[in-house]
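Reading through the structure tokens given below for one structure.
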Amino acid sequence: MKPSIPKGTRDFSPEEVNKRNFIFDTIREVFVRYGYQPIETPAMENLSTLTGKYGEEGDKLLFKVLNNGDFLAKADEQALAARDSSQLVSSISKRGLRYDLTVPFARFVVMRQHEITFPFKRYQIQPVWRADRPQKGRYQEFYQCDVDVVGSDSLVYEAELAQIYDEVFAKLGLEVTIKINNRKVLAGIAEAAGIKDAFMDMTIAIDKLDKIGMEGVEKEMQGRGIPEAAIEKVKTILKAKNLEELKLQFTDSQIGLKGVEELESVFDYLGIGESTNEIVFDITLARGLSYYTGCIFEVQAKGVQMGSIGGGGRYDDLTGVFGMPGTSGVGVSFGAERIFDVMEELKLFPEDSATRLKAVFLAFDEASHRYAFRCLRQVRAAGINAEIYPEPTKMAKQFKYVDKRNAPFAVVIGSNEMASGQLAFKNMRTGEQEGLRLEEIIERLREEERI
RNA sequence: GUGGUUGUAGCUCAGUUGGUUAGAGCGCUGGAUUGUGGUUCCAGAGGUCGCGGGUUCAAAUCCCGUCUUCCACCCCA
């Protein structure tokens with residue numbers, strides 16, 4: 001048979017795994033610095049945990065796991081006869097692959113509410129699965145790196161999460177724009193325009209502003225049946241350049257004012273000019289996930305065509321659906337795959353010296369091959385990444401291998417070297433070669449390590 | 001999920017209105033060079049033309065289905 005992998009999934013080569021680990025390590029390091037603790041949850045959740053949490057569209061994108069055994073024997077006969085897939089699902093599948101890390105986290109918090117100290121700060125780096133149609137930067141299996149705080153409504157955490165975004169991308173050398181908005185501001189716009197009922201329709205339209213322009217947004221709202229007068233009001237509000245101007249538009253919207261105040265408070269915590277990346281208020285930022293209620297975040301990479309590489313926000317009642325009401329949470333997510341793709345495109349990955357092979361031992365004959373293997377042991381014991389060519393064949397062939405492995409040094413041993421103890425130490429880049437004792441070689445390789 | 005797009009050697013790609021044995025560059029293997037890689041020269045290996053069906057005397061080429069890739073929509077990391 002012809003080998004293949006499912007659509008939207010990928011294998012990773014050693015080089016790619018090293019690069020991905022660089023991203024994960026950087027993110028994890030920052031999370032830990034800010035006092036977040038790791039948890040992990042299963043790849044599979046009970047379907048009942050997942051369904052209904054991501055809207056109707058989300059349910060369609062959930063991967064369902066078929067029940068084991070003779071699942072059809074227990075299937076809903078009516079649904080089966082009617083060829084009604086959505087009706088049938090509950091009787092043939094009780095589990096599904098997790099769709100994000102937030103909902104499993106909420107489930108986790110509720111199950112362990114009595115052993116958790118609040119505010120609980122956790123991070124989680126694991127893959128999630130979505131049955132989306134794949135595109136560039138969009139996969140069916142991808143890693144998310146989530147940080148959330150649950151059990152506090154302090155806006156200091158919004159500021160902290162913005163700092164985490166800033167710090168991680170600064171460390172990765174990736175220039176980004178960190179956009180912040182507040183769901184209450186959007187609600188305020190709807191309230192001020194007198195279209196509270198059409199909040200979702202309005203939000204979806206506003207979200208597309210940078211893509212389709214003001215005219216497009218207007219058409220979109222018209223198409224969604226929003227009255228002309230309300231559209232004019234929305235357009236006026238959207239022209240507000242900053243939070244001060246926006247405030248003036250919200251004289252008759254309590255919720256809108258509250259949203260602006262929250263944003264002011266976050267920016268106050270952050271201070272001015274203390275970040276590496278731009279952290280900006282963006283009134284057009286909407287985000288789909290319906291459970292957001294306060295501040296919302298999104299990160300856009302500069303200089304590349306790519307969707308958002310991170311997003312998140314505040315949810316006042318994160319754990320309510322699992323029977324623990326009134327607990328507020330705020331968190332953000334890093335999209336590792338997209339960060340990888342962007343960094344690859346911009347060639348931002350550093351030469352990885354920690355995982356790099358430093359030296360390869362080569363030998364001319366059986367006796368020196370054994371001798372080389374014993375030398376190798378000492379080199380490795382000194383903490384230097386090194387290996388030996390598996391057999392003493394023709395030198396040209398062995399050197400080609402060293403070249404391919406991109407190792408900076410080769411140590412060549414034959415009968416002369418064994419007799420004198422002066423091993424041939426060759427710099428692969430310059431081609432220079434000198435006779436050195438093993439201890440001297442180890443010292444040289446150690447110096448190299450530090451560079 | 002809707003509409004479109006892509007697939008030919010390990011990689012990047014040619015392949016005419018359907019017509020002999022499907023090509024190139026790079027890479028790979030061997031040799032020139034029996035104690036030294038990268039450069040050069042010579043030789044060689046490597047292909048179910050994504051998969052399945054159909055039309056035809058004849059299909060990489062035309063038609064249908066399917067899988068995959070990418071794009072737009074939807075949604076999102």
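All chains are named by letter (A, B, ...) in the order of the sequence lines, taking the proteins before the strands, and each is independently numbered beginning at 1. Only heavy atoms go into these numbers, but all of them, side chains included; no hydrogens, no water, no symmetry mates.
A donor-acceptor contact under 3.5 Å links the side chain of K426(A) to the base of U36(B).
Among the nucleotides G37(B), C74(B), A77(B), the one closest to the side chain of R338(A) is A77(B). Taking only side-chain atoms of K394(A), from C-beta outward, the nucleotide of G30(B), G31(B), A77(B) with the closest atom is G31(B). Here the nucleotide nearest the side chain of F399(A), chosen from G37(B), G35(B), G31(B), is G37(B). Distances from the side chain of P134(A) to the nucleotides C74(B), C70(B), C28(B) place C70(B) closest. Listed nucleotides G35(B), G37(B), A77(B) differ in distance to M395(A); the shortest reach to its side chain belongs to G35(B). Distances were taken from every side-chain heavy atom of Q135(A) (C-beta onward) to each of A72(B), C75(B), G37(B); the shortest belongs to A72(B). The side chain of R133(A) sits closest to U2(B) out of U2(B), G35(B), G31(B). Distance from the side chain of M428(A) is smallest for G37(B) among the nucleotides G37(B), G35(B), A77(B). The K7(A) side chain lies nearest to U68(B) when the options are U68(B), C76(B), C28(B).
Within 4.0 Å (heavy atoms only), G307(A) reaches no atom of the nucleic acid at all. If you check every strand for non-hydrogen atoms under 4.0 Å, G312(A) touches nothing. Within 4.0 Å (heavy atoms only), R405(A) reaches no atom of the nucleic acid at all. The residue Q300(A) sits apart from the nucleic acid: no heavy atom pair falls under 4.0 Å. Residue Q433(A) is in base contact, counting any heavy-atom pair closer than 4.0 Å across all strands shown. K60(A) comes within 4.0 angstrom of nothing in the nucleic acid, heavy atoms only.
As a whole-Å value, the separation of K404(A) NZ from G10(B) C1' is 13 Å. In this structure, D100(A) atom CG and A77(B) atom P are separated by 8 Å, rounded to whole Å. One interatomic measurement links the two molecules: CZ of R130(A) to C1' of A77(B), which rounds to 6 Å at whole-angstrom precision. Distance I339(A) CD1 to A77(B) C1': 9 Å, rounded to the nearest Å. Separating the CD1 atom of I296(A) from the P atom of A77(B) is a distance of 12 Å, rounded to the nearest angstrom. Distance E57(A) CD to C76(B) P: 9 Å, rounded to the nearest Å.
Both T9(A) and Q144(A) lie close to RNA chain B; mapped to their nearest nucleotides by heavy-atom distance, the more 5′-ward contact belongs to T9(A).
Using a 4.0 Å cut-off between charged nitrogen and carboxylate oxygen, K19(A) and E15(A) count as a salt-bridge pair. Using a 4.0 Å cut-off between charged side-chain N and carboxylate O, R33(A) and E29(A) make a salt bridge. A salt bridge links K208(A) to E220(A): one of the charged nitrogens lies within less than 4.0 Å of a carboxylate oxygen.
A sub-4.0 Å separation between OP1 or OP2 of U29(B) and a side-chain N or O of K397(A) is absent.
In summary, of the residues considered (E337(A), R10(A), R130(A)), a side chain to side chain donor-acceptor pair (under 3.5 Å) with Y139(A) occurs for R10(A) alone. When the options Y123(A), F169(A), Y143(A) are evaluated for a ring-ring contact (aromatic ring centres under 6.0 Å, His included) with F334(A), the one that passes is F169(A).
When both pairing distances are held under 3.5 Å, U69(B) makes no Watson-Crick or G-U pair with any nucleotide shown. U29(B) is paired with A43(B) under the Watson-Crick or G-U wobble criterion, all donor-acceptor distances under 3.5 Å.
A side-chain donor-acceptor contact under 3.5 Å links K53(A) to the backbone of T49(A).
Put simply, F364(A) does not rest on the base of G35(B): the two rings are not both less than 5.5 Å apart at their centres and under 30° in tilt.
Side-chain polar atoms of S91(A) and D76(A) form no donor-acceptor pair below 3.5 angstrom.
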